[in-house]
Number of protein chains: 2
Amino acid sequence: MMLSRASKYAILSTLFLAEHSSETHKISVKVIAESIDVPNPFLAKLFQQLVRGKIISSTKGPNGGFYLTKKNGKRTVLDIIENIDGLTRLNECFLGLSECDGANPCPVHFIVEPFKNGILGKFRDLTIMEFSKEITSQGRKLTLKDITPEFK
Amino acid sequence: MMLSRASKYAILSTLFLAEHSSETHKISVKVIAESIDVPNPFLAKLFQQLVRGKIISSTKGPNGGFYLTKKNGKRTVLDIIENIDGLTRLNECFLGLSECDGANPCPVHFIVEPFKNGILGKFRDLTIMEFSKEITSQGRKLTLKDITPEFK
DNA sequence: ATATATTAAGACCTTTTTATCTTTTATATG
DNA sequence: CATATAAAAGATAAAAAGGTCTTAATATAT
Ligand code: FES
Ligand code: FES
């Protein structure tokens, strides 16, 4: 029931691409890594895998970089997680029991279940583009940086 | 927002003690480890720490073992987690952002928050003994073993 | 064509988590 | 008091996760 750090980075940076990139405006790992404050070479690795998984796109060379095509934007956040972590992590019992279902619930199963359904539903049913729109419309942020309060 | 395996083992085995042990009936690591299917020496280490944290009790020698005193039974599941993992893990943002609060919510914050409050509340407000009663009354199980269906 | 920018690929390193092993210490019981 | 039994302590090992570095491939602009 938890994401690896890798998945988290992948989600944030893909959402970043959704918001800031296009086929005519590609972005380099370096810029993204700095923007969302994630280790550069680690993100590069993740991006390679996301490209192989056809979740994001890339071109090499000058003015190259990473971006989302229309088609990429129709993938889901769950696709990202599946690509990086696989799906088992998300379905695991919160206390680590071998199965997680209502038939053999662990002590916290019925607290966890509604949450799991809620978050899984959202990750499964919204496209990356829709998800991204929801974020920008709500003015949420996509960085791991500390938000330094502005005193001015 | 996730527990380490160590915490999970600790929770399960403490609940096991709540259900099966008493000051007059102590249980060895070996028995517990086999019952809930957890690596024996690893659990032994965890138990040492839980004893130091006064969450469970132990005596050495013949007929020794681990058990809960009345006082132990009044601790909470959150105490177990705090003792093993610390509290930061539980409070972390689901996407790994630096702060998790309503003022600077991440894209999934408002899905995660009610769950977090629910589970944290339960872990904080019920004693281990209460928690355990709730479990036994509902016939839930405390093992990591595969539940082999009984065909008889 | 060539230089350059940028990703791709793979080997490698570090840290954290999980797990084991060995020795010491305490204690109940005969 | 001797012995057996079980936990405590500490050293070590194995595995997984996270992170880095170096070299190759490739697309673009000049
Ligand atoms: S969360 Fe434990 S069985 Fe579902
Ligand atoms: S879960 Fe991400 S900010 Fe609260």
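Being a predicted model, the structure only gives us computed values, none of them experimental. The chains referred to below are lettered A, B, ... by the order of the sequence lines, with proteins before strands, and numbering in each begins at 1.
Evaluation of the side chain to side chain contact (heavy atoms under 4.5 Å, CB included) rule for A:K45 yields A:Q48 as partners, not counting sequence neighbours. With sequence neighbours left out, B:K74 forms a salt bridge (charged side-chain N to carboxylate O under 4.0 Å, His left out) with no residue at all. In this structure A:D101 satisfies the side chain to side chain contact (heavy atoms under 4.5 Å, CB included) test together with A:E99, A:A103, A:N104, sequence neighbours excluded. Residues satisfying the side chain to side chain donor-acceptor pair (under 3.5 Å) test with B:T59, not counting sequence neighbours, are B:K26. For B:F131, the ring pair (Phe, Tyr, Trp, His ring centres under 6.0 Å) criterion is met by no residue, not counting sequence neighbours. Taking B:S21 as the reference, nothing meets the side chain to side chain donor-acceptor pair (under 3.5 Å) condition, with sequence neighbours excluded.
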Contact pattern, 5' to 3', of nucleotides 3-12 of chain D - B, S or - by protein heavy atom under 4.0 Å: -BBBSBBB--
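Across every non-hydrogen atom of B:G102 and B:F110, the tightest pair is O-CZ, 4.0 Å.
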Using atom types as modelled, flag every donor-acceptor pair under 3.5 Å from a side chain in residues 75-84 of chain A to any protein atom, sequence neighbours excluded.
unit_1, atom_1, unit_2, atom_2, d
A:R75, NE, A:D79, OD2, 3.1
A:R75, NH1, A:G53, O, 3.2
A:R75, NH1, A:K54, O, 3.1
A:T76, OG1, A:L78, N, 3.3
A:T76, OG1, A:D79, N, 3.1
A:T76, OG1, A:D79, OD2, 3.3
A:D79, OD2, A:T76, N, 2.9

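Here ring-ring contact (aromatic ring centres under 6.0 Å, His included) pairs that include residues 64-92 of chain A, with residues two or more places apart or in two chains, are A:F47-A:F66. Within the structure, salt bridge (Lys or Arg N to Asp or Glu O under 4.0 Å) contacts touching residues 60-72 of chain B (residues at least two apart or in different chains) do not occur.
The CG atom of A:N40 sits 9 Å away from the P atom of D:dT20 (whole-angstrom rounding). Rounded to whole angstrom, the span from the CG atom of A:L46 across to the C1' atom of D:dG19 amounts to 10 Å. The nearest whole Å value for the distance from the CG atom in A:L43 to the C1' atom in D:dT20 is 14 Å.
A 4.0 Å heavy-atom criterion places the boundary nucleotides of DNA chain C facing chain A at C:dT4 to C:dG10, written 5' to 3'.
Using a 4.0 Å cutoff on non-hydrogen atoms, no part of residues 69-81 of chain B comes near DNA chain C.
A:P39 comes within 4.0 angstrom of the backbone, heavy atoms only, and of no base.
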